[in-house]
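Throughout, numbering of the chain's residues begins at 1 and tracks the sequence. Keep in mind that what you see is a predicted model, and the values were worked out from it rather than measured.
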Amino acid sequence: MDILYYGQPIEEGLKQKSLDFHPVKTLVAILDDRNNIVVMDYLQRTIMHKSGFLRSVIRAEKTGNARSIRFLDTDVIWWQKRKDVVDAGKPKSLDNLVLVPSTWLVILCDHRVVFFDFMSSRRRDMTPVDLENKNATCMCFGPDVPFVFVGCSDGAVRVWNVETWSVELVLMPKQPKPITSITSYYVMGSVKVVAGTSDGSLVMWQVLRNHGMRHQPSFVKERAHESNNVTGLCLVFSESLIYSAGNDRTIAAWDMFSLQERKRISVRSKDVRLIPFGHPDVETSYV
């Protein structure tokens, strides 16, 4: 992968495994296939950070494969909460935001979730003990941040609080299967968490925060995809739909409240992924 700015190369020959664009700052974080981390200001055409920090962590602490990278700071939290307000079409206060004094890179590895401040090189981790020695497979930020929802190989979703640096809650279905994809959203006074599993099913939890964090029993949509894997989930609030992709080469749309199927299309690609695209000030989102 080459990164260009007005046709001029900034960085060339990157074999990226995961990347994330900061929603407010002109930064992009790249995790390459050698587990190098690159943080770039694409407007100034400068490299803010480039290191093999993660490689040394993987070797020394046996974290397993690094899967994805995300930015997390106060701007990300503000943007996500604002997007939730606009998408839901309901007024909700943007005050009382969680203040994150640094810009963290959140790196999902098999046996650890690494929170790395690339400006100061500080680190905080969700350790194998926090994961109960299960593999972390996917993650998403909660709409009611400061929570990170981490899907795991035992079929559980572990809710990580970035204020207390501890597991706040564990969501476990009755018949757990490894979690392969996850998304969350705020609706009707609670947080919905939807996860795709390795047997092609969808699982939904409703998480309540009044009088402490708790959740209601999960709802399972079995065999949402006639394959052994849900490869991606994407939320489109403007349509009240959740899109899912599977190894059966289909993309399906589900009602975000009931998980009733609304439509399904077939695609040619063997490896189907979903990339949400949209803007809080624009009514239409694209998948």
Side-chain angles (χ1 to χ4, degrees), residues 18 20 23 66-73 76-77 79-81 83-84 87-88 98 100 104-115 124-132 134-173 176-198 201-209 212-221 230-235 237 242-244 254 256 259 274 276:
S18 174
D20 188 36
R67 295 173 176 268
S68 63
I69 190 168
R70 293 283 306 274
F71 283 110
L72 178 62
D73 61 12
V76 172
I77 294 171
W79 187 263
Q80 182 149 325
K81 192 170 183 181
K83 184 178 188 301
D84 179 52
D87 280 341
V98 177
V100 181
W104 297 91
L105 296 174
V106 185
I107 306 157
L108 182 79
C109 304
D110 285 338
H111 312 307
R112 187 180 292 266
V113 182
V114 178
F115 293 78
R124 297 294 297 263
D125 289 5
M126 186 179 185
T127 67
V129 174
D130 299 313
L131 292 166
E132 300 181 77
K134 303 300 189 294
N135 283 8
T137 56
C138 53
M139 68 175 176
C140 72
F141 296 152
D144 197 9
V145 181
F147 298 107
V148 180
F149 295 97
V150 181
C152 298
S153 58
D154 62 346
V157 174
R158 289 171 172 84
V159 185
W160 182 255
N161 189 323
V162 298
E163 287 186 306
T164 63
W165 301 104
S166 62
V167 175
E168 188 92 3
L169 187 67
V170 178
L171 309 176
M172 178 70 79
K177 299 290 183 181
I179 304 295
T180 55
S181 53
I182 190 168
T183 188
S184 66
Y185 51 97
Y186 187 91
V187 63
M188 299 177 66
S190 64
V191 174
K192 298 279 190 181
V193 180
V194 178
T197 67
S198 61
S201 299
L202 298 177
V203 186
M204 176 188 283
W205 290 271
Q206 182 175 352
V207 180
L208 307 172
R209 291 203 61 195
M213 182 171 259
R214 57 192 176 88
H215 68 93
Q216 294 183 347
S218 60
F219 171 77
V220 180
K221 185 73 175 182
V230 176
T231 58
L233 290 172
C234 173
L235 180 67
F237 245 116
I242 298 170
Y243 286 84
S244 64
W254 311 89
M256 63 185 290
L259 286 187
L274 294 177

If you measure from CG on L259 to NZ on K221, what distance do you get to the nearest 0.5 Å?
7.5 Å
Exactly one candidate in W205, F149, Y185 meets side-chain contact (heavy atoms from CB on, under 4.5 Å) with V191; the answer is F149
Checking the side chain of S18 only, and the main-chain atoms of I69 only, is there a donor and an acceptor separated by less than 3.5 Å?
yes
Tell me every residue that passes side-chain contact (heavy atoms from CB on, under 4.5 Å) with R67, counting only those two or more places apart in sequence or in another chain.
N65, L108, D110
Partners of T197 by side-chain hydrogen bond (donor to acceptor under 3.5 Å, both in side chains), sequence neighbours excluded?
D199
R70 versus F141, closest heavy-atom pair with distance:
NH2-CD1, 3.4 Å
Between V113 and V148, is the side-chain contact (heavy atoms from CB on, under 4.5 Å) condition met? List the steps.
CA-CA 10 Å; V113 182; V148 180; 5.7 Å; no
L233 vs L202, test: side-chain contact (heavy atoms from CB on, under 4.5 Å). Steps then yes/no.
CA-CA 10 Å; L233 290 172; L202 298 177; 3.8 Å; yes
Please name the pair of heavy atoms, one in L235 and one in S184, separated by the smallest distance, quoted to 0.1 Å.
CD2-O, 4.2 Å
So does K192 have more than 12 non-hydrogen atoms from other groups sitting under 6.0 Å from NZ?
yes
Heavy-atom side-chain proximity of N135 to H111 below 4.5 angstrom:
yes
What distance separates F147 CZ from N161 CG, expressed to the nearest 0.5 Å?
4.5 Å
Separation between CE of M126 and SG of C109, rounded to the nearest 0.5 Å
12.5 Å
State whether the side chain of D154 and the backbone N or O of A156 hold a donor-acceptor pair below 3.5 Å, judged by distance alone.
yes
At their closest point, which heavy atom of I179 faces which heavy atom of G155, and how far apart are they?
CD1-O, 3.7 Å
Using a 4.5 Å cut-off on heavy atoms from C-beta on, say whether the side chain of F219 contacts that of V203.
no
Roughly how far apart are R158 CZ and M139 CE, rounded to 0.5 Å?
16.0 Å
If you define the side chain from C-beta out and look only at heavy atoms, does anything of W165 sit under 4.5 Å from W160?
yes
If you compare all heavy atoms of I107 against all heavy atoms of A66, which two are closest, and at what distance to 0.1 Å?
CG2-CB, 4.4 Å
Chi angles and distances behind the side-chain contact (heavy atoms from CB on, under 4.5 Å) call for V207, V159
CA-CA 10 Å; V207 180; V159 185; 5.8 Å; no
Side-chain heavy-atom pair V76, P23 within 4.5 angstrom cut-off
yes
If you round to the nearest 0.5 Å, how far is CG of L171 from CD1 of I182?
7.5 Å
Under the rule for side-chain contact (heavy atoms from CB on, under 4.5 Å), what residues qualify as partners of P178, not counting sequence neighbours?
S198
How far apart are the closest heavy atoms of T164 and S166, and which atoms are they?
OG1-OG, 2.7 Å
Does any N or O in the side chain of T180 come within less than 3.5 Å of the main-chain N or O of G196, such that one atom is a donor and the other an acceptor?
yes
T183 side chain vs V194 backbone, donor-acceptor pair below 3.5 Å
no
